[in-house]
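Since the structure is predicted, the reported quantities are computational estimates derived from the model, not experimental observations.
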Amino acid sequence: TPSATAQPTGTTKNDKSEQAHLFKVNPSPKQVFEVVFEIHDAPGPLMAIPGGVGYSAPQAPNCTFVSNAWAGTWGTPFKGLSLPVTPVGPNRFVMTVALDGMLDEDYYGKGVCRWKMGSAGASFAASQAKEDTVYGVSLDAKEFVDGATYRQYFWKGGYPRSDNKSGIPLSNPGRRDPDGYKEPFRSNLFSITATVRAKP
């Protein structure tokens with residue numbers, strides 16, 4: 001009987017690091033949204049860092065591959081894409097996201113593999129220096145509803161970079177609820193709103 005790695009493209013098709021090369025971006029997505037980020041009351045200037053979006057396929061028989069034939073382990077497709085975040089005014093940025101950004105296709109000869117977007121987001125920092133605190137705003141796929149607005153709160157004290165004595169990490173995901181911060185942090189916050197708009 002043929003081994004699990006005996007596939008038309010050779011053994012590298014089962015190598016998890018090689019999987020991303022198999023997957024195709026959807027050339028004509030129909031579920032496309034713009035996300036407008038607006039920064040409110042930041043302690044100083046912030047610039048956008050390229051955003052990102054992640055897509056995965058369900059653990060269905062037609063969407064699995066052997067990641068290690070010897071160990072008998074299986075994997076499921078995942079693809080992350082970088083997204084530009086463009087300034088559109090003072091403290092305003094826009095990012096375009098497609099929920100159907102990956103092409104549903106028969107990747108393994110077992111039937112069509114259907115992708116789902118997991119989440120997408122953007123990050124902001126005072127500069128490109130690796131020491132600067134990065135403020136991230138992420139939205140789950142279910143939050144991509146036309147007209148929806150979400151607000152993320154961040155502590156100002158970590159700007160432009162944190163000495164980490166405060167316990168605030170360099171990568172700061174913030175909080176949706178300002179009450180999640182204890183004083184004196186709660187009285188020293190700025191926010192970033194994300195407004196979702198469906199593109200016609």
Side-chain angles (χ1 to χ4, degrees), residues 9 13-39 46-67 73-88 92-125 134-154 169 171-177 180 191-200:
T9 57
K13 188 165 184 177
N14 287 330
D15 183 345
K16 195 165 188 176
S17 66
E18 294 293 323
Q19 291 297 308
H21 301 295
L22 296 174
F23 311 137
K24 299 175 185 174
V25 173
N26 185 354
S28 303
K30 294 180 172 53
Q31 296 175 286
V32 182
F33 293 84
E34 277 188 350
V35 183
V36 177
F37 298 97
E38 186 163 2
I39 300 168
L46 288 170
M47 61 177 287
I49 296 171
V53 58
Y55 300 92
S56 61
Q59 289 186 333
N62 57 325
C63 287
T64 55
F65 59 91
V66 178
S67 59
T73 56
W74 295 76
T76 54
F78 175 83
K79 180 72 172 180
L81 299 176
S82 179
L83 299 175
V85 182
T86 308
V88 291
R92 286 171 60 88
F93 304 83
V94 66
M95 179 178 76
T96 301
V97 180
L99 296 187
D100 54 345
M102 296 300 293
L103 193 63
D104 293 340
E105 196 171 75
D106 185 351
Y107 291 102
Y108 302 106
K110 298 185 282 187
V112 174
C113 194
R114 303 196 181 281
W115 292 90
K116 290 188 177 181
M117 192 197 89
S119 64
S123 297
F124 305 87
V134 175
Y135 304 97
V137 180
S138 181
L139 302 178
D140 292 333
K142 65 184 178 183
E143 294 180 308
F144 281 79
V145 177
D146 188 29
T149 297
Y150 308 94
R151 186 180 290 263
Q152 200 87 350
Y153 295 88
F154 304 90
S171 180
N172 188 343
R175 297 176 184 269
R176 291 280 179 94
D177 184 356
S191 65
I192 302 175
T193 54
T195 301
V196 179
R197 298 174 180 165
K199 290 191 76 171

Would you say the side-chain atoms of [X] pair up with the backbone N or O of [Y], donor to acceptor, closer than 3.5 Å?
| X | Y | answer |
| --- | --- | --- |
| Tyr135 | Leu46 | no |
| Lys79 | Val25 | no |
| Asn26 | Leu103 | no |
| Tyr107 | Lys24 | yes |
| Glu34 | Lys199 | no |

Straight-line distance of [X] [atom1] to [Y] [atom2], nearest 0.5 Å:
| X | Y | atom1 | atom2 | result |
| --- | --- | --- | --- | --- |
| Tyr55 | Leu99 | OH | CG | 7.0 Å |
| Arg151 | Asp177 | CZ | CG | 12.5 Å |
| Met102 | Ser56 | CE | OG | 10.5 Å |

Side chains of [X] and [Y]: closer than 4.5 Å at any heavy-atom pair?
| X | Y | result |
| --- | --- | --- |
| Phe144 | Met117 | yes |
| Val53 | Met95 | no |
| Leu83 | Thr96 | no |
| Tyr108 | Thr64 | no |
| Cys63 | Thr76 | no |
| Trp115 | Asp104 | yes |
| Val137 | Phe154 | yes |

Which heavy atom of [X] sits nearest a heavy atom of [Y], and at what distance?
| X | Y | value |
| --- | --- | --- |
| Ser191 | Tyr153 | CB-CD2, 3.9 Å |
| Tyr150 | Arg176 | CD2-NH1, 3.6 Å |
| Asp146 | Ala198 | OD1-N, 2.9 Å |
| Ala125 | Ile49 | CB-CD1, 3.9 Å |
| Val85 | Gly51 | CG2-N, 3.5 Å |
| Gln31 | Asp100 | N-OD1, 3.1 Å |

Arg175 versus Gln152, side-chain donor and acceptor atoms under 3.5 Å: no
Decide if the gap between the ring center of Phe124 and the ring center of Phe37 is smaller than 6.0 angstrom.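 Close enough - the centres of the two rings lie under 6.0 Å apart.
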Mark yes when over 12 heavy atoms from residues, nucleotides or ligands other than Arg197 sit less than 6.0 Å from its CZ; otherwise mark no.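 For Arg197, atom CZ is not crowded (no more than 12 foreign heavy atoms under 6.0 Å).
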